[in-house]
Amino acid sequence: MSAPPTQIRVDKWLWHARFFKTRSKAAEAVSTGLRINSERCTKPAQALRAGDVLTFPQGREVRVIRVEAISERRGPAPEAQALYTDLAPPEPRATPEPEPEGPKRDPGTGRPTKRQRREIDAYSRSRS
């Protein structure tokens with residue numbers, strides 16, 4: 001049996017840990033700006049080891065992650081969550097306030113329905 005790997009490409013690890021759906025999106029995130037142990041990294045092939053701290057944007061949040069383990073494959077979510085420790089867990093999102101309702105209309109007011117338009121047309125033709 002071979003020994004488990006001690007280092008891995010940063011884009012591959014982000015994909016294994018399920019931070020990004022595809023490896024190309026992970027590589028794009030690395031290229032736009034990611035920090036490994038507070039040093040800027042722009043190369044997706046940068047080596048990553050257990051104990052390194054990653055800081056990267058994900059959506060509207062900035063994630064701070066400590067790498068706990070290196071995986072050989074992209075496994076299920078529980079296995080992926082065991083690969084890292086979230087040092088700054090995201091704050092729970094506030095529930096959005098419901099939209100205020102517009103003014104109330106009485107039933108039958110407003111634009112006529114198709115049936116009502118036909119009746120109006122028939123009435124106007126019979127009057128002419």
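Since the model is a prediction, treat every value here as computed from it, not as a measurement. Keep in mind that the numbers below use all heavy atoms, side chains included, and drop hydrogens, waters and symmetry copies.
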| query | Among the clusters formed by ILVMFWY side chains lying less than 4.5 Å apart, do Val30 and Ile65 turn up in the same one? | reply |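 Same cluster: Val30 reaches Ile65 through Ile, Leu, Val, Met, Phe, Trp or Tyr contacts under 4.5 Å.
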| Among the clusters formed by ILVMFWY side chains lying less than 4.5 Å apart, do Trp15 and Ile36 turn up in the same one? | no
Kindly give the heavy-atom pair with the smallest separation between [X] and [Y], and that separation in Å.
{"X": "Thr32", "Y": "Arg40", "answer": "O-NH2, 3.6 Å"}
{"X": "Lys43", "Y": "Val10", "answer": "O-CG1, 3.9 Å"}
{"X": "Cys41", "Y": "Gln46", "answer": "SG-CB, 3.4 Å"}
{"X": "Ala47", "Y": "Asp52", "answer": "O-OD2, 4.5 Å"}
{"X": "Ile70", "Y": "Leu48", "answer": "CD1-O, 3.8 Å"}
{"X": "Ile8", "Y": "Ser71", "answer": "CD1-O, 3.6 Å"}

| What orientation do Trp13 and Tyr84 show, parallel under 30°, tilted 30 to 60°, or perpendicular over 60°? | perpendicular
| said: With a 3.5 Å distance limit and no angle check, can you tell me whether Arg18 reaches the backbone of Gly75 through a side-chain donor-acceptor pair? | reply: yes
| Any donor and acceptor pair, going by atom type alone, linking the side chain of Glu61 with main-chain N or O of Gln58 inside 3.5 Å? |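 Pair absent, no side-chain N/O of Glu61 close to backbone of Gln58.
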| Residues Arg66, Thr85; criterion side-chain contact (heavy atoms from CB on, under 4.5 Å); working and verdict | CA-CA 5 Å; Arg66 181 178 39 232; Thr85 302; 4.1 Å; yes
Any side-chain heavy atom of [X] sitting closer than 4.5 Å to one from [Y]?
{"X": "Arg35", "Y": "Glu39", "result": "no"}
{"X": "Val67", "Y": "Arg49", "result": "no"}
{"X": "Phe56", "Y": "Leu14", "result": "yes"}
{"X": "Phe20", "Y": "Asp11", "result": "no"}
{"X": "Pro44", "Y": "Arg9", "result": "yes"}
{"X": "Val53", "Y": "Val64", "result": "yes"}

| query | Is a salt bridge present between Glu119 and Arg115, judged by a nitrogen-to-oxygen distance below 4.0 Å? | reply | yes
| said: Assess whether a salt bridge exists between Arg73 and Glu79, defined as any Lys/Arg side-chain N lying under 4.0 Å from an Asp/Glu carboxylate O. | reply: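 Salt bridge between Arg73 and Glu79, a charged N being under 4.0 Å from a carboxylate O: yes.
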| note | Output for pair (Ile120 CD1, Gln116 CD), nearest 0.5 Å, gives 6.5 Å
| request: Verify side-chain contact (heavy atoms from CB on, under 4.5 Å) between Thr55 and Val62, making sure each step is shown before the conclusion. | output: CA-CA 7 Å; Thr55 306; Val62 174; 3.9 Å; yes
